[in-house]
*Asks:* 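Can you keep this structure in mind? I'll have questions shortly.
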Amino acid sequence: MQNFIQQSLNGITYAGLLFLLGSGFTLIFGLMRIVNLTHGATYLLGGYFGYITMQATHNFALALIAGMASMAVFGVLLERGLLRSLRGRPIPELLLTMGVAFIMGDLALAAFGGNPVSVHMPGILDQSSQLGRITYPNSRFLILGVAVLVALMLYLLLGRTRAGAMIRAGVDNREMVSALGIDINRLFTAVFILGTVLAGLAGVLGASLLTLYPGADSEILTFALVVVIVGGLGSLKGAVVGSLVVGLLDNYGKAYFPDLAYFSLFAPMVLILLWRPQGLFGKAGN
């Protein structure tokens, strides 16, 4: 029983990291319909920028800021410099972002080498707390807390603000929103930047929970895709539930069925999609 509780906590805190990554992905891919395969590489490079900042300053807050700010700049360059001319053309978007992801992966390998690196949180965050008979790392609680805070902020932004209403309206009818005098290109750029900032944040936090290494970008992108597809394209609630499903199934599978770890994750995904092709909270026709 104690081991089950431990694995459940691991799954929930891992789900927090997946939500940070998946929420950014659902903004870009699910909500804006931009096929952005650089999201995993954004996670990796954001983590690396956080790592080198932590090494230089020993300040975890600055590491978080560096990871987010660097990926915000990358988001501007990618969306305005490369993707804007391909808007509404999924296959060219797919090929372009795939190529950029390969380039980013090679640059990361050349700059940081092939050895895994990690970010060690300072002070009490690098210690553990006692939960009954279980000793659990404080760093995982921080990741979960950040994920909950981001979920609340995104809920308020998308569901309770004028900007959120404009974003939803722009996705449904771009021409109508432009006719109302709203700069839809600037609005979509802001949403794209928010998605890359969340990926950078996830990269720095993920460097403390997991490690950074060549290939981590494609692995984490696979999980982000599963989160968005299972939860439903463009659904914040779906990103939350999808993250929990993926995080728990992944940890249970690796702990109890290590030889069938991927089967225990992807088989339920297939069943969910057979039952609801649009995902748990996606709209039919998406």
Side-chain angles (χ1 to χ4, degrees), residues 10-11 13-25 36-75 77-78 97-98 100-128 136-147 150 195-225 227 243 246-247 250-251 254 261:
N10 288 343
T13 51
Y14 183 45
L17 178 65
L18 291 178
F19 172 77
L20 292 174
L21 188 68
S23 60
F25 197 56
N36 178 30
L37 294 187
T38 67
H39 207 67
T42 307
Y43 162 92
L44 182 64
L45 283 188
Y48 274 130
F49 274 104
Y51 168 75
I52 60 176
T53 302
M54 188 68 180
Q55 293 293 103
T57 66
H58 303 288
N59 189 312
F60 187 64
L62 286 180
L64 289 174
I65 293 172
M68 292 187 290
S70 59
M71 292 307 100
V73 173
F74 169 74
L77 296 176
L78 179 62
T97 55
M98 183 184 297
V100 172
F102 285 139
I103 293 171
M104 292 171 68
D106 284 347
L107 290 176
L109 177 60
F112 301 101
N115 295 324
V117 300
S118 61
V119 173
H120 296 287
M121 294 191 183
I124 192 174
L125 295 176
D126 198 34
Q127 301 173 12
S128 299
Y136 207 71
N138 293 332
S139 59
R140 284 181 172 264
F141 287 126
L142 173 68
I143 293 172
L144 183 59
V146 171
V150 168
T196 57
V197 165
L198 289 173
L201 172 62
V204 181
L205 292 174
S208 65
L209 178 62
L210 310 171
T211 56
L212 300 173
Y213 53 89
D217 50 342
S218 58
E219 291 180 15
I220 203 72
L221 178 63
T222 301
F223 284 97
L225 278 167
V227 166
S243 298
V246 173
D250 182 63
N251 272 273
K254 289 177 179 176

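Each residue takes its place number in the sequence, starting with 1. Heavy atoms only: backbone and side chains are in, while hydrogens, waters and symmetry mates are out.
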*Asks:* Check step by step if side-chain contact (heavy atoms from CB on, under 4.5 Å) holds for Tyr14 and Leu17.
*Replies:* CA-CA 5 Å; Tyr14 183 45; Leu17 178 65; 4.3 Å; yes
*Asks:* Any sub-3.5 Å donor-acceptor pair from Thr211's side-chain atoms to Ala207's backbone N or O?
*Replies:* no
*Asks:* Looking at OG1 of Thr53 and CG of Asn59, how far apart are the two atoms once the value is rounded to the nearest 0.5 Å?
*Replies:* 9.5 Å
*Asks:* Mark yes or no for whether Asn251, through its side chain, and Gly247, through its backbone, hold a donor-acceptor pair below 3.5 Å.
*Replies:* yes
*Asks:* Between His39 (side chain) and Leu21 (backbone), is there a donor-acceptor pair under 3.5 Å?
*Replies:* yes
*Asks:* Would you mind reporting whether Tyr213 and Leu44 have side-chain heavy atoms less than 4.5 Å apart?
*Replies:* no
*Asks:* Do the side chains of Met104 and Leu45 get nearer than 4.5 Å, heavy atoms only?
*Replies:* yes
*Asks:* If you look at every heavy atom in Gly16 and Ile143, which pair is closest and at what distance?
*Replies:* C-CG2, 4.3 Å
*Asks:* With heavy-atom distances below 4.5 Å as the criterion, would you say the side chains of Phe112 and Ile52 are in contact?
*Replies:* yes
*Asks:* Just so I know, are the side chains of Asn36 and Leu78 near enough to count as touching, which here means a heavy-atom distance under 4.5 Å?
*Replies:* yes
*Asks:* Please tabulate, one pair per line, all N/O donor-acceptor pairs under 3.5 Å involving side-chain atoms of residues 118-127, not counting sequence neighbours.
*Replies:*
none

*Asks:* Evaluate side-chain contact (heavy atoms from CB on, under 4.5 Å) for Val204 paired with Met54, printing each intermediate quantity in order.
*Replies:* CA-CA 10 Å; Val204 181; Met54 188 68 180; over 6 Å; no
*Asks:* For Ser128 and Pro137, which heavy atoms make the closest approach, and how far apart are they?
*Replies:* OG-CA, 3.6 Å
*Asks:* Applying side-chain hydrogen bond (donor to acceptor under 3.5 Å, both in side chains), name anything that partners Thr42, two or more places apart in sequence or on another chain.
*Replies:* none
*Asks:* Check whether any side-chain heavy atom of Leu221 sits under 4.5 Å from a side-chain heavy atom of Tyr43, and report yes or no.
*Replies:* no
*Asks:* Is the backbone N or O of Thr97 less than 3.5 Å from a side-chain atom of Thr38, with the two atoms forming a donor-acceptor pair by type?
*Replies:* no
*Asks:* Considering residues at least two apart in sequence or located in another chain, which fulfil the ring-ring contact (aromatic ring centres under 6.0 Å, His included) criterion with Phe60?
*Replies:* none
*Asks:* With heavy-atom distances below 4.5 Å as the criterion, would you say the side chains of Arg140 and Tyr136 are in contact?
*Replies:* yes
*Asks:* What distance do Leu107 atom CG and Phe102 atom CZ have between them, rounded to the nearest 0.5 Å?
*Replies:* 13.5 Å
*Asks:* Provide the closest heavy-atom pair for Val227 versus Ser243 in the form atom of the first, atom of the second, distance.
*Replies:* CG1-OG, 3.5 Å
*Asks:* Measuring only between side-chain heavy atoms, which start at C-beta, is Leu205 closer than 4.5 Å to Leu209?
*Replies:* no
*Asks:* Could you walk me through whether Val73 and Thr196 pass side-chain contact (heavy atoms from CB on, under 4.5 Å), step by step?
*Replies:* CA-CA 9 Å; Val73 173; Thr196 57; over 6 Å; no
*Asks:* Would you mind reporting whether Phe19 and Val150 have side-chain heavy atoms less than 4.5 Å apart?
*Replies:* yes
*Asks:* With rounding to the nearest 0.5 angstrom, report the CG to OG distance, Leu142 to Ser208.
*Replies:* 7.5 Å
